[in-house]
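Here is the structure we will look at, set down as structure tokens.
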There are 2 protein chains.
Amino acid sequence: MEKKYNFTDVEIKDMAIRFKAMSEPSRLKILRALFPGEKCVTEIIEKTGLLQANVSKQLKILQRNGVVSCRPSGLQRFYKIADNSILELCNMVCKS
Amino acid sequence: MEKKYNFTDVEIKDMAIRFKAMSEPSRLKILRALFPGEKCVTEIIEKTGLLQANVSKQLKILQRNGVVSCRPSGLQRFYKIADNSILELCNMVCKS
DNA sequence: GTTTAGTATTACTATATGTTCAAATGCTCA
DNA sequence: TGAGCATTTGAACATATAGTAATACTAAAC
């Protein structure tokens, strides 16, 4: 597998932002809750044990960085993992 | 490839710490300087354009989290990427 | 059409942590 | 001891997190 390592400054900045999105336990707990499939905010609150305001805030950060996506449905908003590589990333970091 | 997604709280905490280690542009610039091969602190300072104190502090963080390793040699200390998966990780995040 | 209940986001505050820079200190070898 | 290389310290500034409370949104009941 061909690997790149001459990253530009812009790429480095973007990478830092993405890594930062994954760098909080509260956000990783939300991802853990979402790996099996999409869930609404209330379900995420139950699964994670975090407070409502906190979940909402962290979901916004995850969404802004393309880690999760959102689908409104009636009163609820269903969030899901945006990309398969997120799980792969977690597995790689967890092993090392 | 078999993927895990029932991470324990402890695993999540550790993952967050590792992601955080990669979440600063200054640290990623240091890694970029090290990808071609090991370098001493002075060389890293030249390559990155960061100040000495800063490089030293960020190297310590990277070392504490197992991202780089250190080999003293005379007056100098040579740092290198500790693990091949670091570059793989950067490639994965850069693409997405 | 207005109200009401359920659902989710936003504002605000206190606290904590991280980054950078300048200066001082530590370490190693000649 | 002195020079070169690297780390540590301390202060200023910036950013992030968690919690409480208030606000916004949506759909259905009346």
Side-chain angles (χ1 to χ4, degrees), chain A residues 9 12-34 37-82, chain B residues 9 12-34 37-82:
Chain A
D9 284 359
I12 279 186
K13 201 176 168 188
D14 288 345
M15 287 159 68
I17 289 170
R18 284 180 196 138
F19 277 124
K20 187 171 278 178
M22 310 281 289
S23 74
E24 274 300 311
S26 58
R27 287 196 284 274
L28 291 178
K29 280 181 187 171
I30 290 174
L31 294 184
R32 176 176 61 184
L34 292 179
E38 70 170 9
K39 289 192 176 52
C40 69
V41 177
T42 302
E43 289 174 312
I44 297 171
I45 291 165
E46 287 167 5
K47 282 271 181 189
T48 59
L50 302 171
L51 294 182
Q52 197 174 41
N54 232 336
V55 167
S56 188
K57 225 177 295 184
Q58 305 303 347
L59 279 172
K60 200 179 174 185
I61 293 171
L62 290 170
Q63 190 177 19
R64 185 171 55 223
N65 291 291
V67 181
V68 304
S69 64
C70 183
R71 171 180 73 82
S73 169
L75 286 178
Q76 294 154 329
R77 296 198 178 193
F78 286 87
Y79 285 87
K80 69 172 183 182
I81 305 286
Chain B
D9 284 359
I12 279 186
K13 201 177 169 186
D14 288 346
M15 288 159 68
I17 289 170
R18 284 180 196 139
F19 276 123
K20 188 170 279 179
M22 311 280 290
S23 73
E24 274 302 310
S26 58
R27 287 195 284 274
L28 291 179
K29 280 181 187 172
I30 290 174
L31 295 184
R32 176 176 60 184
L34 293 179
E38 72 170 9
K39 289 192 175 52
C40 71
V41 177
T42 301
E43 290 174 311
I44 297 172
I45 291 165
E46 287 167 5
K47 281 272 181 189
T48 60
L50 302 171
L51 294 182
Q52 198 173 40
N54 228 339
V55 167
S56 189
K57 222 179 291 187
Q58 304 304 347
L59 278 172
K60 199 178 176 188
I61 293 171
L62 290 170
Q63 189 177 18
R64 186 170 56 221
N65 291 291
V67 181
V68 304
S69 63
C70 184
R71 172 179 72 82
S73 169
L75 286 179
Q76 296 155 325
R77 297 199 176 188
F78 286 87
Y79 285 87
K80 68 171 182 181
I81 306 284

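Keep in mind that the numbers below use all heavy atoms, side chains included, and drop hydrogens, waters and symmetry copies. We name chains A, B, ... by the order of the sequence lines, and we start the count at 1 in each one.
Classification of A/Lys20 and B/Glu24 as a salt-bridged pair holds, one side-chain N sitting under 4.0 Å from a carboxylate O.
End-to-end axis angle of the helix from C/dG1-D/dC30 to C/dA30-D/dT1, using five pairs per end and rounding to 10°, comes to 10°.
Distance, B/Ile45 CD1 to C/dT20 C1': 14 Å, rounded to whole Å. In this structure, B/Phe19 places its CZ atom 18 Å from P of D/dA16, rounding to the nearest Å. Atom CG in B/Leu28 sits about 14 Å away from atom C1' in C/dT19, given to the nearest Å. Taking atom CD1 of A/Ile17 as the reference point, atom C1' of D/dA16 lies 15 Å away to the nearest angstrom. Here the P atom of nucleotide D/dA27 and the CD atom of A/Gln76 are 11 Å apart, to the nearest Å. Atom P of nucleotide C/dG18 and atom NZ of B/Lys60 are separated by 13 Å, given to the nearest angstrom. In this structure, the CD atom of A/Glu24 is 12 Å from the C1' atom of D/dT15, given to the nearest Å. One atom, NZ of A/Lys39, and another, C1' of C/dA8, lie 18 Å apart when rounded to the nearest Å.
Taking 4.5 Å as the limit, every side-chain heavy atom of A/Gln76 sits out of range of all side-chain heavy atoms of A/Thr42.
Atom CD of B/Glu38 sits about 9.5 Å away from atom SG of B/Cys70, to the nearest 0.5 Å. Rounded to the nearest 0.5 angstrom, A/Asp9 CG and A/Asp14 CG are separated by 11.0 Å. The CD atom of B/Gln58 sits 10.5 Å away from the CG atom of B/Leu31 when rounded to the nearest 0.5 Å.
A donor-acceptor pair is defined here as one N or O able to donate and one able to accept, closer than 3.5 Å; no such pair exists between the side chain of B/Asn54 and the backbone of B/Leu50. B/Arg27 places a side-chain N or O within 3.5 Å of a backbone atom of B/Ala21 that can act as its donor or acceptor partner. At least one donor-acceptor pair under 3.5 Å links the side chain of A/Thr48 to the backbone N or O of A/Ile44.
Using a 4.0 Å heavy-atom distance criterion, B/Thr42 is classed as a sugar-phosphate-only contact.
Side-chain atoms of A/Gln58 lie closest to D/dA18 of the nucleotides D/dT7, D/dC5, D/dA18. Here the side chain of B/Tyr79 is nearest to one of D/dT17, C/dA8, D/dT7, namely D/dT7.
In this model, the phosphate group of D/dT17 is not approached by any side-chain N or O of A/Ser26 to a distance below 4.0 Å at OP1 or OP2.
Applying side chain to side chain contact (heavy atoms under 4.5 Å, CB included) to A/Tyr79 and the options A/Lys39, A/Glu43, A/Gln63 leaves one that passes, A/Gln63.
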inquiry  = Treating primed atoms plus P, OP1 and OP2 as sugar-phosphate and everything else as base, which nucleotides of nucleotides 21-28 of chain C get B, S or - for protein heavy atoms under 4.0 Å?
reply    = BBB----B
